[in-house]
*Asks:* 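I have a structure I would like to understand better, so I am pasting it below and will then ask my questions one at a time.
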2 protein chains.
Amino acid sequence: MGKYWSKTTESITPYVCGEQPKDKKYIKLNTNESPYAPSPKVLNAIKSAADEDIRLYPDPNCDRLRKTISSYYGLRSDQVFVGNGSDEVLAMSFLAFFNGDEAIVFPDVSYSFYPVYAGLYGIKYRLAKLNEDFSIPVEEFLKSNGGVVFPNPNAPTGRCMDTEKIREILKNNRDRVVIIDEAYVDFGGNSVVGLIKDYPNLLVVQTLSKSRSLAGLRVGFALGQEELIEGLNRIKNSFNSYTVNRVSNAAAVAAMEDEKYFEECVGKIVSTRETTVRRLEKLGFKVIPSKSNFIFITHPLFAARELFAKLREKGVLVRYFDKDRIDNYMRVTIGSDNDMNVFIEKVKEIIGKGV
Amino acid sequence: MGKYWSKTTESITPYVCGEQPKDKKYIKLNTNESPYAPSPKVLNAIKSAADEDIRLYPDPNCDRLRKTISSYYGLRSDQVFVGNGSDEVLAMSFLAFFNGDEAIVFPDVSYSFYPVYAGLYGIKYRLAKLNEDFSIPVEEFLKSNGGVVFPNPNAPTGRCMDTEKIREILKNNRDRVVIIDEAYVDFGGNSVVGLIKDYPNLLVVQTLSKSRSLAGLRVGFALGQEELIEGLNRIKNSFNSYTVNRVSNAAAVAAMEDEKYFEECVGKIVSTRETTVRRLEKLGFKVIPSKSNFIFITHPLFAARELFAKLREKGVLVRYFDKDRIDNYMRVTIGSDNDMNVFIEKVKEIIGKGV
């Protein structure tokens, strides 16, 4: 508590991101980063951007990047908003579309930044309890007061909701904005970008941090009809005119353009995920069905908290949430085949099943 | 107005930044960018950062950059906060330290983003009217209700306030935060970083966009005692865990370290400024004394609005603010000697005094 802090600063509970330790080299399966380098074309684009124009502000509207993204998805440029990572895009979306006194709805087990954004802007919320199998209960999202937000696939579970169920939510919230956070959709999920033309209340948020290996550069975007994008621009232009810098702009364009490289990386991650799931199931783990680049796992005989701590000692970082209902689960990012071999080997050492 | 907009989105008046036109090549003297490329060491740092680690999130705490900045200023790392441009740092500072119902004070002629931040977060404010010579009236800033913010040198006037006067403001606002926005201080202004040790209510904000030629990469920072920095971290970590990307971190470290290059660039800009002032005065302009990388000028015989428009036609962009008290002034960024030769030549053509 601080004498000089505003009431907001005093009252918020900030988000705690997955650790980025510097003490030694870990196999990092804790923050859903890609195990693969960005496309060589991305690295070239960064190097090419390292010229004297760095002295000049970037394009505040990111016209070229928005054009690239809109072409990719068959939308118009004014249906695309870009930001400094999808976290920033989500934060601005909360402020742009939700009001303090009308409770929004999101799942009780979900991206733990949502309640933080709500706290930051004083927005009331209601938690919808996931079903026992960790699927999202559609009925809880019909007729929200203030709006809806959830990830699809959900995090940290990896479970998807069918497009038709999302359509039902959109239809039943015609006066409120429904944000579908598709941070992990590229790994086999069903995107609802195709519904944008029919639903002016749909905002889809995506990121280049995961499937396009750009976590280090921070580029995220939102897709929606013009009114929503204009609302986001109003907020952005009341906060920071230039949120995406020259290098990130250039790199993101190259990343969106190199579709072949993107598909190769995603294909490898999906394949490694499926292999890893089978191996873990053989070791007695229960694995929630995942369409993302992570899996959410639990073991009937070994406490997740201890597994997490012992894996860390052995140089493998995964994510553990000390939170009701999921405190016996670990979220494990899908790394390279080699990363996952080491992970499985360490798990076997810990649970004592030999090799 | 939008059906889906929040009350905030509806009510705000976003900031309009200086134009970044793409229709043709202009001499850009409208957004206070440096005419000089970043240090070659910065460009190398960007290229070196273009490696496979781009797939990994950046350090959320920017430890290395904070250490570099803190050493430079003789502070500790936990007295430094960095962000995605000083605009973001200022926006977060408003939310971190100011409350809605207690009016903050800033000058009526000042950085036009301040009222926008206040609008975004619903913070009341009082405008302190500049003196006739555009100096800031100290007495208006003693005993504020909610806090104080102003640039030193002020923008768009370029005028400085003495350190002793700022000390007086700090002493008379012991329970409120005083933000001194030193975006332009490196061009001859008096920094108040030295007062931080004595005043826990002082936050100094600076940027690498101007004097270090990094506008295209967006790095700004705040300096203050630990409580203020912790407050900013609470807000940042409730908004976006990773605001400064890997490339910007690396480039900013290199820029802070290459002090020789920095001093050369700043020296050239100050020298060009003084030459330009003399030449404009000879042409009958009144120039407000400037300690920044821009000058604020007016002519008794020619309307600034027209001069601005005609300069634009002739390929020279300057900044014009259609605002009470300053609507007969132009703000002109100091470019290279060559830029300013063209500017003066075009001015002469317009006001018809020949060469």
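Naming convention: chains lettered A, B, ... in sequence-line order (proteins, then strands); numbering from 1 in each chain. Computed from heavy atoms alone, side chains included, the values below leave out hydrogens, waters and symmetry copies.
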*Asks:* With chain B as the partner, which of A:K210, A:R176, A:K7 has the greatest number of non-hydrogen pairs under 4.5 Å?
*Replies:*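 Going by pairs under 4.5 Å, I would pick A:K7.
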*Asks:* For the candidates A:A215, A:A37, A:P40, which exhibits the highest count of non-hydrogen atom pairs separated by less than 4.5 Å from chain B?
*Replies:* A:A215
*Asks:* Let me know if A:E102 has heavy atoms under 4.5 Å from chain B in its side chain, its backbone, both or neither.
*Replies:* neither
*Asks:* Does any N or O in the side chain of A:T8 come within less than 3.5 Å of the main-chain N or O of B:L95, such that one atom is a donor and the other an acceptor?
*Replies:* no
*Asks:* What residue in A:V16, A:N201, A:L208 has the most heavy-atom pairs under 4.5 Å with chain B?
*Replies:*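 Between A:V16, A:N201, A:L208, the count favours A:N201.
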*Asks:* Let's go through A:N99 and B:E10 carefully: what are the C-alpha distance in whole Å and the side-chain angles of both, what is the deciding distance for side-chain contact (heavy atoms from CB on, under 4.5 Å) to 0.1 Å, and is it a yes or a no?
*Replies:* CA-CA 11 Å; A:N99 284 308; B:E10 196 69 51; over 6 Å; no
*Asks:* Who wins among B:K236, B:K28, B:M92, B:R174 for the most heavy-atom pairs under 4.5 Å with chain A?
*Replies:*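 The option with the most such pairs is B:R174.
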*Asks:* Say whether, by atom type as modelled, one donor and one acceptor occur between the side chain of A:W5 and the main chain of B:E230 under 3.5 angstrom.
*Replies:* no
*Asks:* Whether A:K47 and B:D51 form a salt bridge (side-chain N of Lys/Arg under 4.0 Å from carboxylate O of Asp/Glu) is what I want to check.
*Replies:*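 No, no charged N to carboxylate O under 4.0 Å.
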*Asks:* Heavy-atom distances under 4.5 Å only: say whether B:R212 touches chain A with side chain, backbone, both or neither.
*Replies:*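 Nothing of B:R212, per the 4.5 Å heavy-atom cut-off to chain A.
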*Asks:* Pick whichever of A:D175, A:N233, A:V244 has the most heavy-atom pairs under 4.5 Å with chain B.
*Replies:* A:D175
*Asks:* Check this for me: B:K67, atom NZ, are more than 12 non-hydrogen atoms of other residues, nucleotides or ligands nearer than 6.0 Å?
*Replies:* no
*Asks:* Against chain B, work out which of A:Y121, A:Y117, A:Y4, A:F98 has the most heavy-atom pairs shorter than 4.5 Å and name it.
*Replies:*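 Max contact count across the listed options: A:Y4.
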*Asks:* For B:Y242 and A:G18, work out which heavy atoms get closest and say how close.
*Replies:* OH-O, 4.2 Å
*Asks:* If you measure only the distance, is there a donor-acceptor pair under 3.5 Å linking the side chains of A:R218 and B:N240?
*Replies:* yes
*Asks:* Which one wins on heavy-atom pair count under 4.5 Å against chain B: A:G231, A:S248, A:A91, A:G147?
*Replies:* A:G231
*Asks:* So with a 6.0 Å cut-off around NZ of B:K3, is the heavy-atom count from everything else above 12?
*Replies:* yes
*Asks:* Determine yes or no for a side-chain-to-main-chain donor-acceptor pair under 3.5 angstrom, with B:S213 supplying the side chain and A:R55 the backbone.
*Replies:* no
*Asks:* Check whether the side chains of A:T243 and B:N84 place a donor and an acceptor atom closer than 3.5 Å, and report yes or no.
*Replies:*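 A:T243 vs B:N84: no donor-acceptor pair found between side chains.
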*Asks:* Let me know if B:P60 has heavy atoms under 4.5 Å from chain A in its side chain, its backbone, both or neither.
*Replies:*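 It is the side chain, since no backbone atom gets that close.
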*Asks:* Mind checking whether A:R234 and B:L120 have side chains closer than 4.5 Å, heavy atoms only?
*Replies:* no
*Asks:* Identify which part of A:P200 has an atom lying under 4.5 Å from any heavy atom of chain B, answering side chain, backbone, both or neither.
*Replies:*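 Its backbone and side chain both get close to chain B.
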*Asks:* So how far is it from A:N245 CG to B:N245 CG, rounded to the nearest 0.5 Å?
*Replies:*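 Going from CG on A:N245 over to CG on B:N245, the span is 5.0 Å.
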*Asks:* Do A:E88 side-chain atoms and B:F239 backbone N/O form a donor-acceptor pair below 3.5 Å?
*Replies:*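 No, because the side chain of A:E88 does not come within donor-acceptor range (under 3.5 Å) of the backbone of B:F239.
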*Asks:* In terms of heavy-atom pairs under 4.5 Å, which option from B:L217, B:N44, B:L228 contacts chain A the most?
*Replies:* B:L217
*Asks:* Report which part of B:Y57 has an atom under 4.5 Å of a heavy atom belonging to chain A: side chain, backbone, both, or neither.
*Replies:* both
*Asks:* Look only at the side chain of B:E52 and the backbone of A:P38, and say whether a donor-acceptor pair between them is shorter than 3.5 Å.
*Replies:* no
*Asks:* Hey, are B:S241 and A:D87 close enough side-chain-wise for a donor-acceptor pair under 3.5 Å?
*Replies:*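 Short answer, no.
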*Asks:* Taking every non-hydrogen pair under 4.5 Å, which of B:P35, B:S86, B:A49 racks up the most with chain A?
*Replies:*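 Of the candidates given, the most pairs with chain A belong to B:P35.
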*Asks:* Just by modelled atom types, is the B:V116 backbone N or O under 3.5 Å from a matching donor or acceptor in the A:S238 side chain?
*Replies:* no
*Asks:* Checking heavy atoms, do the side chain of A:N32, its backbone, both or neither come under 4.5 Å from chain B?
*Replies:* neither
*Asks:* Under the criterion side-chain contact (heavy atoms from CB on, under 4.5 Å), I'd like the reasoning laid out for A:I235 against B:I12: C-alpha separation, chi angles, the key distance, then a yes or no.
*Replies:* CA-CA 8 Å; A:I235 296 292; B:I12 51 180; 3.9 Å; yes
*Asks:* Relative to chain B, which segment of A:F94 carries a heavy atom at a distance below 4.5 Å: side chain, backbone, both, or neither?
*Replies:*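 For A:F94, there is no contact with chain B at all, as no heavy atom is under 4.5 Å.
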*Asks:* Using a 4.5 angstrom heavy-atom cutoff, name the option from B:L232, B:L214, B:L56 with the most pairs to chain A.
*Replies:* B:L56
*Asks:* Can you tell me which of B:A251, B:G85, B:S209 forms the most heavy-atom pairs within a distance under 4.5 Å of chain A?
*Replies:*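 Heavy-atom pair counts peak at B:S209.
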*Asks:* Just how far is it from atom CZ of B:R246 to atom CD1 of A:I46, taken to the nearest 0.5 Å?
*Replies:* 11.0 Å
